Amino acid sequence: MIGNYFTLRHIVADLRRDLAGKTITEVFTQSRNELIVSSEEASLVVSCEPSANTCYLRTHISRARRNSMDCFRRIHGAVIQSVHLQETDREIVIGIGNGVPLSLIIQLFGSKANVFLAEKRRVLDAFLQARAWEGKELDPPRKPRPAYTESEFAAAVQTIGQISVSAVLKSLYPLFGSLLVRESLVRADIPESAPVAGLAPDRIARLHHEIRQLTAELLRDPLPRIYKDNRTPACFSIIGLQVMRHLEFEAFNSVHEGIRAFLGGTRKQKGLDRELSTFRTRMETEIARIERTLAVLSREVSTAERANEYELYGKLLLAFPQKETRGAKRLTLENVFSPERKPVEVPLDPHLTITQNARRYFDRARKARHALAESGERKAEYHERYDRLKTLLGALDAVHTTEQWEEFKRARTSELMAVGLLKKAGATPKDVPPFRIFTVEGGFQVWAGKSSENNDLLTMKHAKPNDLWFHARGSGGAHVVLRAGTGKGEVSRRAIEQTASIAAYYSKMRNSGLVPVAMTLRKYVRKPRGAPAGTVTVEREKVLMVPPRLPQEQQT
């Protein structure tokens with residue numbers, strides 16, 4: 001009801017008392033869709049926000065030094081002569097005296113809300129879309145209609161036909177709005193969806209009576225209040241509402257104070273909703289990523305479980321009588337290591353000897369067992385992280401207020417930090433470099449570039465001479481730097497492979513099984529004069545073949 005016609009009646013009465021005869025010192029805007037008209041003693045704030053059409057008085061407003069703009073300069077220094085509300089619409093007219101009969105016309109018409117500087121009703125300037133409105137004539141206000149008598153109301157209701165009583169009231173009482181229509185029906189004990197054709201004459205008479213009583217109540221001295229649902233502003237009203245009787249409310253001394261508090265509360269809630277939505281999206285994105293990673297790990301485990309098979313192939317080949325088999329693609333051998341001694345078909349590399357093929361299988365068995373153990377550890381880590389995120393996501397469903405949100409973060413700080421959703425206390429955006437940041441085995445920090453220009457910034461400005469530098473060989477991708485001295489002890493082989501895998505992941509070969517990644521010290525990386533962004537020359541490189549993947553926890 002912040003912009004309801006009956007609320008505006010009380011607002012305009014206060015404007016007439018507090019602004020008439022005062023000089024306009026300035027008119028300006030410093031917030032989106034909000035205009036401020038300042039006088040010596042008070043300021044009028046007009047909100048043209050589609051979801052928050054209203055206006056209210058404030059005793060003092062500090063104008064921002066930046067991001068504010070003057071409006072309607074020609075009336076700065078002019079005197080406010082009069083203030084009135086059109087009888088049948090949400091239009092406030094402020095008469096301005098400066099030698100020419102001008103007026104500020106405030107139209108609070110939902111998504112079309114605007115403030116016009118007009119001569120009579122010809123637009124000279126407009127707060128919003130000024131060029132489109134300049135010179136146009138505003139529509140004349142609608143003529144008022146006398147209040148319905150009981151017989152006129154009954155006749156109008158019965159004439160309209162087979163629609164809901166709620167729709168009928170919205171048509172007959174356009175100034176009420178949806179909330180007051182609902183209030184009328186609650187007071188008359190009539191369901192909103194009830195068909196008007198089914199209403200008995202006594203029900204129609206009672207409805208008319210309740211509407212008259214409600215109208216009289218709306219015109220009396222206001223009792224401004226904000227109804228709250230779980231501490232969240234649900235509704236502003238100038239009267240007590242039966243339709244909101246299940247909610248608690250906070251009372252205010254003036255309409256202006258109540259509207260200002262309601263707008264502040266709803267803006268705060270919208271900000272909280274955006275923050276919660278962003279947080280939820282991050283959690284859901286990470287959960288989906290872990291699900292994909294676990295699926296890949298399951299396939300890797302399936303492959304790694306063939307270690308025993310590879311070892312058997314190697315043993316059978318060594319037990320096979322040695323003779324030349326180059327060119328053969330497979331051999332069928334008796335399994336002398338099984339009591340059944342069933343034949344086993346062993347695939348061969350036709351370019352290798354029996355011994356070389358055997359060594360290849362023993363090597364594959366060793367790698368498979370290593371991968372199996374590693375995959376098991378990684379699966380356990382990812383499952384733990386997945387379970388934590390699912391638990392946090394479920395707990396987030398109970399967060400609806402700022403107080404609950406702060407309590408959620410306070411009580412679950414360690415869990416949120418463990419899954420990378422909350423930074424360490426004291427961290428500020430200035431503390432965080434502008435790169436993708438990871439931690440690999442040993443606690444070493446890894447930075448990865450985000451674009452060609454960002455690659456240059458990382459390699460040429462931020463990386464130190466003895467940092468290890470990585471890049472996918474023969475392919476476009478990120479520059480990746482393992483920062484020396486950020487972890488414990490010497491950089492392990494595992495940390496190097498993890499970093500190389502990050503470089504492979506952020507390359508154009510991400511979808512390959514194995515990717516060649518060049519590694520060298522940063523001091524052996526140079527940028528030729530005039531070379532495009534991200535282009536460098538590399539010396540003393542070593543090439544690693546690694547799968548493209550990210551370590552478990554990405555920190556930013």
Side-chain angles (χ1 to χ4, degrees), residues 292-383 440-442 470 472-475 491-505 507-519 541-552:
R292 293 194 299 270
T293 302
L294 287 172
V296 171
L297 285 175
S298 294
R299 291 195 293 270
E300 289 180 357
V301 168
S302 177
T303 301
E305 287 173 345
R306 299 184 64 187
N308 291 337
E309 182 181 13
Y310 295 148
E311 185 173 12
L312 176 61
Y313 288 169
K315 288 180 177 179
L316 290 175
L317 288 173
L318 291 182
F320 181 71
Q322 298 297 305
K323 64 180 181 180
E324 183 57 46
T325 58
R326 284 184 184 272
K329 294 184 177 180
R330 60 183 53 82
L331 280 176
T332 301
L333 304 173
E334 182 182 2
N335 187 356
V336 296
F337 303 101
S338 169
E340 295 82 10
R341 304 180 74 89
K342 291 182 179 180
V344 175
E345 188 176 83
V346 180
L348 298 177
D349 184 334
H351 302 96
L352 303 178
T353 65
I354 288 290
T355 302
Q356 289 171 332
N357 270 293
R359 288 175 181 169
R360 184 169 69 96
Y361 276 120
F362 286 132
D363 189 45
R364 290 177 71 179
R366 178 182 56 78
K367 289 181 178 178
R369 288 196 176 94
H370 178 73
L372 182 60
E374 185 181 274
S375 295
E377 293 174 3
R378 294 183 66 210
K379 281 187 73 174
E381 292 172 353
Y382 275 110
H383 275 298
V440 295
E441 187 170 282
F470 299 78
R473 201 166 192 271
S475 172
V491 178
S492 66
R493 175 70 182 180
R494 172 69 175 148
I496 289 173
E497 289 176 349
Q498 284 180 308
T499 307
S501 288
I502 293 171
Y505 184 87
S507 76
K508 292 183 179 180
M509 291 190 287
R510 177 189 294 190
N511 296 321
S512 302
L514 291 175
V515 177
V517 174
M519 177 188 77
E541 65 180 343
K542 179 180 179 181
V543 178
L544 309 173
M545 297 298 295
V546 294
R549 64 166 64 123
L550 299 179
Q552 179 196 354

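Computation of the quantities below employed the complete heavy-atom set of this structure, encompassing side-chain atoms and omitting hydrogens, waters and symmetry-equivalent molecules. Throughout, numbering of the chain's residues begins at 1 and tracks the sequence. Quick caveat: nothing in here was measured; it's all calculated off a predicted structure.
Residues forming a side-chain contact (heavy atoms from CB on, under 4.5 Å) with Gln356 (at least two apart in sequence, or on another chain): Arg326, Leu352, Thr353. Applying the side-chain hydrogen bond (donor to acceptor under 3.5 Å, both in side chains) test to Asn335 and every residue at least two apart in sequence or in another chain returns nothing. By the side-chain hydrogen bond (donor to acceptor under 3.5 Å, both in side chains) test, Glu340 is found to be paired with Ser338, residues two or more places apart in sequence or in another chain being considered. Residues that satisfy the ring-ring contact (aromatic ring centres under 6.0 Å, His included) test with Phe470, not counting sequence neighbours, are absent from this structure. For Tyr361, there are no side-chain hydrogen bond (donor to acceptor under 3.5 Å, both in side chains) partners two or more places apart in sequence or in a different chain. For Lys329, the side-chain contact (heavy atoms from CB on, under 4.5 Å) partners are Pro350, not counting sequence neighbours. The side-chain hydrogen bond (donor to acceptor under 3.5 Å, both in side chains) search around Ser512 returns none, not counting sequence neighbours. Remark: Pro516 pairs with Arg473, Met509, Val543, Met545 by the side-chain contact (heavy atoms from CB on, under 4.5 Å) rule, at least two apart or across chains. In this structure, the side-chain contact (heavy atoms from CB on, under 4.5 Å) partners of Asp363, at least two apart in sequence or on a different chain, are Arg366, Lys367. Every residue meeting the salt bridge (charged side-chain N to carboxylate O under 4.0 Å, His left out) condition with Arg330, not counting sequence neighbours, appears here in chain and number order: Glu345.
Across every non-hydrogen atom of Ser501 and Pro547, the tightest pair is OG-O, 2.8 Å. Nearest heavy-atom pair across Glu441 and Ser492 is OE2-OG, 3.2 Å. In this structure, Ala504 and Val515 approach most closely via the heavy-atom pair CB-CB, 3.7 Å. The nearest pair of heavy atoms linking Leu550 to Tyr382 is O-OH, 3.7 Å.
Put simply, CG on Asn357 and CG on Leu331 are 8.5 Å apart, with the number rounded to the nearest 0.5 Å. Atom CD of Glu497 sits about 10.0 Å away from atom OG1 of Thr499, to the nearest 0.5 Å. The OH atom of Tyr313 sits 15.0 Å away from the CG atom of Leu318 when rounded to the nearest 0.5 Å. A distance of 5.5 Å separates CE of Met519 from NZ of Lys542, quoted to the nearest 0.5 Å.
Here the side chains of Leu316 and Phe337 are in contact, with some heavy-atom distance below 4.5 Å. In this structure, the side chains of Lys315 and Phe362 come closer than 4.5 Å at one or more pairs of heavy atoms. Side-chain contact between Leu317 and Leu333 is present, with at least one heavy-atom pair separated by less than 4.5 Å.
Every pair tested for salt bridge (charged side-chain N to carboxylate O under 4.0 Å, His left out) that includes a residue from residues 508-518 fails, sequence neighbours excluded, so the list is empty.
Annotation: Arg360, atom CZ; neighbour count of heavy atoms from other residues, nucleotides and ligands within 6.0 Å is above 12.
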